[in-house]
**Q** 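Submitted below is the structure of interest, expressed as structure tokens.
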Amino acid sequence: MGAQKSIHAGKAKIDLNVDLTHKLCGALLLPPPVRNSSDPFSQIIGRLCIKHPGLFGRSEKLDFLWDKGLHDSNLLIALRRPGAERFAQQSFVVQHSIAPEIGVHGLPTEHYPHSGIGWINLSRFSAGVELTEPATSNWSSSTSIRFEHVRPISNEGRSIMTDIDGLPITCSGRSHDNMFVLKQESQFATINENNFARLTVQMEQGLPLLSKWLIFNRFKFIASKGLRLGKALLVASLTGGSIVGDMAPYQAFAIGGPGSVRGYTEGAIGSGRSYLVTNNELTVPLVKANLHS
């Protein structure tokens, strides 16, 4: 469910969107006390999207995206400069987001001392450059380098330094973590009528520009293979990763959730410095019953 409206202002295009479906689907994974919130607007998210196809007359594209929900928000400003043939597209990206951190620290509790309903929110600010290589065959890749500032906060916007057990939430032990991250991501995808295959490999390196900044190497991969068996679809997937060096609790790999192990909320099974999860799913379409006699 949702509503969308597009407005053209000169060369710019403005998209207004209110999305209810995604938030409601996510809410079904929450326990009843959280899912049955008395606030009817708690699962609604609004989106404002502005795109300009030629900002300086040189084919540069300006993207402005703002998502806002009751408990989270995301602001993204990107200036994209398309590269010539065989050259990478350059993007200058500034982003700020606030979102509940439930993968490691769990769902709200009634007696959390620092926050009214128990959320630990992560306020993230990042700024950097991304290079997107032209796709060749079934492969695509991108490289980015960015500065990140991460600050755990309460619902009221106050900094939080410890969790409910008194353990530090940041790696530095201060109210925030700073890091300068070099990231490389490669993707492979192939699909036809009877099967598909996908592989994503990510590598992040925290650069030691300052002594108090996080220094780490984080590796993650996602591999999946689908095979059609008549009307059914069999999908096998393998995901894993590991982090070496400095690690803040919110950087840990969380097991559980629709993208990991279905039937559990994000991180409900566990979280840690390394993980490996394999899934096998068989999807069978349901035949609609004929209700007419």
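Source: prediction; values computed, not measured.
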**Q** Assigning hydrophobic clusters by single linkage (Ile, Leu, Val, Met, Phe, Trp, Tyr; side-chain heavy-atom cutoff under 4.5 Å), is W139 placed with M203?
**A**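 Hydrophobic grouping puts W139 with M203.
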
**Q** Going through the distances and angles, do N195 and K225 end up as a side chain to side chain contact (heavy atoms under 4.5 Å, CB included)?
**A** CA-CA 7 Å; N195 60 75; K225 174 71 175 179; 3.7 Å; yes

**Q** To the nearest 0.5 Å, how far apart are CD1 in I77 and CG in D63?
**A**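 Separation between the atoms: 10.5 Å.
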
**Q** I would like to know whether I145 and F180 meet side chain to side chain contact (heavy atoms under 4.5 Å, CB included); could you show each step before the answer?
**A** CA-CA 7 Å; I145 186 167; F180 203 73; 3.3 Å; yes

**Q** Check whether NZ of the Lys or CZ of the Arg R218 lies under 6.0 Å from the centre of the six-membered ring of F253 and within 45 degrees of that ring's axis.
**A**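 Flagged: R218 positioned over aromatic ring of F253.
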
**Q** Heavy-atom distance under 4.5 Å between the side chains of V277 and V261, does that happen here?
**A**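 SC-SC contact between V277 and V261 confirmed.
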
**Q** Taking atom CG of L234 and atom OG1 of T283, what is their separation to the nearest 0.5 Å?
**A**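 Nearest 0.5 Å value for the CG-OG1 distance: 8.5 Å.
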
**Q** Does some side-chain heavy atom of V104 sit less than 4.5 Å from a side-chain heavy atom of Y250?
**A**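 Not touching, per the 4.5 Å side-chain cut-off.
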
**Q** Taking the side chain as everything from C-beta on, heavy atoms only, tell me whether D177 gets closer than 4.5 Å to W213.
**A**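 Result no, sub-4.5 Å side-chain heavy-atom pair not found.
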
**Q** Say whether S224 and R198, considering side chains only, have a donor N or O and an acceptor N or O under 3.5 Å apart.
**A**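 The answer is no; no qualifying pair exists.
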
**Q** In Å, rounded to the nearest 0.5 Å, how long is the span from CG of L182 to OG of S144?
**A**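 One gets 7.0 Å once the value is rounded to the nearest 0.5 Å.
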
**Q** Would you say W66 ends up clustered with I98 if hydrophobic residues are merged whenever their side chains have heavy atoms under 4.5 Å apart, either directly or through other cluster members?
**A**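 In one cluster with I98: W66, no.
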
**Q** Could you check whether H96 and S126, counting side-chain N and O atoms only, form a donor-acceptor pair closer than 3.5 Å?
**A**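 The criterion, which ignores hydrogens and geometry beyond distance, is not satisfied for H96 and S126.
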
**Q** If hydrophobic clusters are built by linking Ile, Leu, Val, Met, Phe, Trp and Tyr wherever their side-chain heavy atoms come under 4.5 Å apart, do I269 and L276 end up in the same one?
**A**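 I269 and L276: separate clusters.
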
**Q** Side-chain contact, heavy-atom cut-off 4.5 Å: T170 with H176?
**A**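 No; the side chains remain at least 4.5 Å from each other.
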
**Q** Compare every heavy atom of R80 with every heavy atom of P82, then report the nearest pair and how far apart it is.
**A**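 Minimum heavy-atom contact is CD-O, 3.6 Å.
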
**Q** Please name the pair of heavy atoms, one in S141 and one in S186, separated by the smallest distance, quoted to 0.1 Å.
**A**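 Looking at all heavy atoms of both residues, the closest pair is CB-OG, 3.8 Å.
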
**Q** Can you tell me how far apart CZ (F188) and CG (N138) are? Round to the nearest 0.5 Å.
**A**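 Those atoms lie 4.5 Å apart.
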
**Q** How about S274 and S242: does a side-chain donor come under 3.5 Å of a side-chain acceptor?
**A**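 Yes - a donor-acceptor pair under 3.5 Å links their side chains.
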
**Q** With rounding to the nearest 0.5 Å, note down the distance linking CD in E133 to CD in Q89.
**A**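 Reported value, rounded in 0.5 Å steps: 11.0 Å.
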
**Q** Given F216, which of V244, L207, I243 fulfils the side chain to side chain contact (heavy atoms under 4.5 Å, CB included) condition?
**A**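 The side chain to side chain contact (heavy atoms under 4.5 Å, CB included) with F216 is passed solely by I243 among V244, L207, I243.
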
**Q** Can you tell if the side chain of S142 reaches within under 4.5 Å of the side chain of E130, non-hydrogen atoms only?
**A**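 Contact flag for S142/E130 side chains = yes.
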
**Q** Within the 4.5 Å heavy-atom criterion, are Q251 and L214 side-chain neighbours or not?
**A**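 They are in side-chain contact.
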
**Q** Would you check if V150 and L122 make a side-chain contact, meaning some heavy-atom pair closer than 4.5 Å?
**A**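 Yes. Closest side-chain heavy atoms under 4.5 Å.
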
**Q** Distance only, no hydrogens: is a donor on one side chain within 3.5 Å (strictly under) of an acceptor on the other, for R151 and S175?
**A**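 S175 and R151 do not have a side-chain donor-acceptor pair below 3.5 Å.
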
**Q** Give me the atom names and distance for the closest heavy-atom approach of A232 to V284.
**A**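 So the two residues come closest at CB-CG2, 4.0 Å.
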
**Q** Any carboxylate oxygen within less than 4.0 angstrom of a Lys/Arg side-chain nitrogen, looking at R124 and E148?
**A**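 A salt bridge links R124 with E148.
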
**Q** Answer yes if the side chains of N121 and E101 hold a donor-acceptor pair under 3.5 Å, and no otherwise.
**A**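 On atom types as modelled, these side chains do not qualify, holding no pair under 3.5 Å.
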
**Q** Nearest 0.5 Å, please: how far is CD1 in I169 from CD1 in I160?
**A**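 Taking CD1 in I160 and CD1 in I169, the distance rounds to 5.5 Å.
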
**Q** Would you say E185 and K183 make side-chain contact, with heavy atoms under 4.5 Å?
**A**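 A side-chain contact under 4.5 Å exists here.
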
